[in-house]
Amino acid sequence: MSERKAPTARPQRRTGVREAAAQATRESILRAATKVFAKYGYDGGSVEKISKAAKSYDRMIYYYFGSKEGLFIAVLEGIYRRMDDAEAALDLDASRPVEALTAVIRFVLGYYRRNPDFVTLLNTENLHKGRHIAKSLRAREYSSRAIAIIREIMASGVAQGLFRADVAPRDLYLLIASTGYFYMSNRHTLTAFLAEPLETPEAVAHWEDFVIEAVLRTVDAGASEESSTAPPHEGATKWQKSQPTQSQARSSSGT
């Protein structure tokens with residue numbers, strides 16, 4: 001009888017390589033879409049522009065994301081995730097609540113400044129009344145983590161008798177986020193309206209210091225006992241002295 005030959009082993013599929021290539025394509029499309037949507041908005045950010053910027057094909061966008069809306073939702077989730085990751089990397093010591101809360105404020109304001117596309121994309125989504133991000137299954141995860149960080153800091157401050165117990169972490173988060181977002185999203189119009197350069201290092205540092213002081217006063221356990229005639233923020237006086245007379249007048253008018 002002739003000797004049987006052992007069956008030839010089939011070459012293994014290089015699934016790992018293909019998966020890596022697919023992930024790279026997906027990430028390339030997401031990066032391109034982030035830039036295109038930030039520049040042209042949702043309506044102007046066409047699939048054709050995105051695929052061209054990604055050096056890919058329209059069909060790949062539909063393959064990975066299902067639709068233009070699906071891609072936009074993924075972009076929004078991506079910008080929230082990156083901010084969440086950056087915040088999670090902060091070295092915060094909740095046992096020192098004043099320092100920890102100050103670090104969170106500096107981070108939030110700084111993140112908006114360093115990531116103008118984040119602000120632009122949120123402006124775009126707000127123009128659409130949040131209808132796209134409302135369909136996201138992940139967005140709430142990121143907001144929950146951000147508020148959880150503040151909740152831990154606040155709990156520590158309350159336990160030490162430093163912070164008020166009647167300030168909700170959600171409200172404090174909104175206060176901090178709004179001071180950073182509004183300043184950044186409206187910096188161009190406010191610069192013209194107030195006749196003050198809001199993007200200079202001095203103006204940015206002044207606003208950051210002012211926000212930190214305002215937030216810490218808000219949570220201060222002894223704030224209610226202080227006189228309502230407390231001296232004004234010193235930084236405002238020093239910074240505004242260097243501004244033109246017209247600028248000082250308009251700033252002090254409260255407009």
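Checked by atom type and distance alone, the side chain of Asp84 never pairs as donor or acceptor with a backbone atom of Tyr80 at under 3.5 Å. Between the side chain of Asp220 and the backbone N or O of Leu216 there is no donor-acceptor pair closer than 3.5 Å.
Residues forming a ring-ring contact (aromatic ring centres under 6.0 Å, His included) with His188 (at least two apart in sequence, or on another chain): none. Applying the salt bridge (charged side-chain N to carboxylate O under 4.0 Å, His left out) rule to Glu141 yields the partners Arg145; only residues at least two apart in sequence or on another chain are considered. In this view, Ser144 satisfies the side chain to side chain donor-acceptor pair (under 3.5 Å) rule with no residue, not counting sequence neighbours. Listed by chain and residue number, Lys135 satisfy the salt bridge (charged side-chain N to carboxylate O under 4.0 Å, His left out) test with Glu69 (two or more places apart in sequence, or in another chain). Legend: residues meeting side chain to side chain donor-acceptor pair (under 3.5 Å) with Ser51, ordered by chain and number and at least two apart, are Asp58.
Across Thr191 and Pro197, no two heavy atoms sit closer than the pair CG2-CA, 4.0 Å. Closest approach of Ile50 to Ala32, counting heavy atoms only: O-CB, 3.8 Å. The nearest pair of heavy atoms linking Thr124 to Phe72 is CG2-CZ, 4.1 Å.
Other residues, nucleotides and ligands contribute more than 12 heavy atoms inside 6.0 Å of the CZ atom of Arg82.
A parallel orientation is assigned to the rings of Trp207 and Phe210, their planes being inclined by less than 30° (bins at 30° and 60°).
Each salt bridge (Lys or Arg N to Asp or Glu O under 4.0 Å) pair with one or both residues in residues 176-190, not counting sequence neighbours, appears once here: Arg187-Glu199. Here side chain to side chain donor-acceptor pair (under 3.5 Å) pairs that include residues 165-186, with residues two or more places apart or in two chains, are Asn123-Tyr181, Arg164-Asp166. A salt bridge (Lys or Arg N to Asp or Glu O under 4.0 Å) check over residues 88-103, counting only residues at least two apart or in different chains, returns the pairs Arg96-Glu99. Within the structure, the salt bridge (Lys or Arg N to Asp or Glu O under 4.0 Å) test picks out no pair touching residues 34-47 (sequence neighbours left out). Pairs passing the side chain to side chain donor-acceptor pair (under 3.5 Å) check and including a residue from residues 21-32, sequence neighbours excluded, read Gln23-Glu27. Applying the salt bridge (Lys or Arg N to Asp or Glu O under 4.0 Å) test to residues at least two apart or on different chains, the pairs with a partner in residues 102-126 are Arg106-Glu208, Arg113-Glu208.
A cation-pi arrangement is present between Lys68 and Tyr42 under the rule of less than 6.0 angstrom and at most 45 degrees off the ring axis.
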Under 3.5 Å, which donor-acceptor pairs do the side chains of residues 149-163 form with other protein atoms, sequence neighbours left out?
unit_1	atom_1	unit_2	atom_2	d
Ser156	OG	Ala94	O	2.5
Ser156	OG	Gln160	NE2	3.0
Gln160	NE2	Ser95	O	2.8

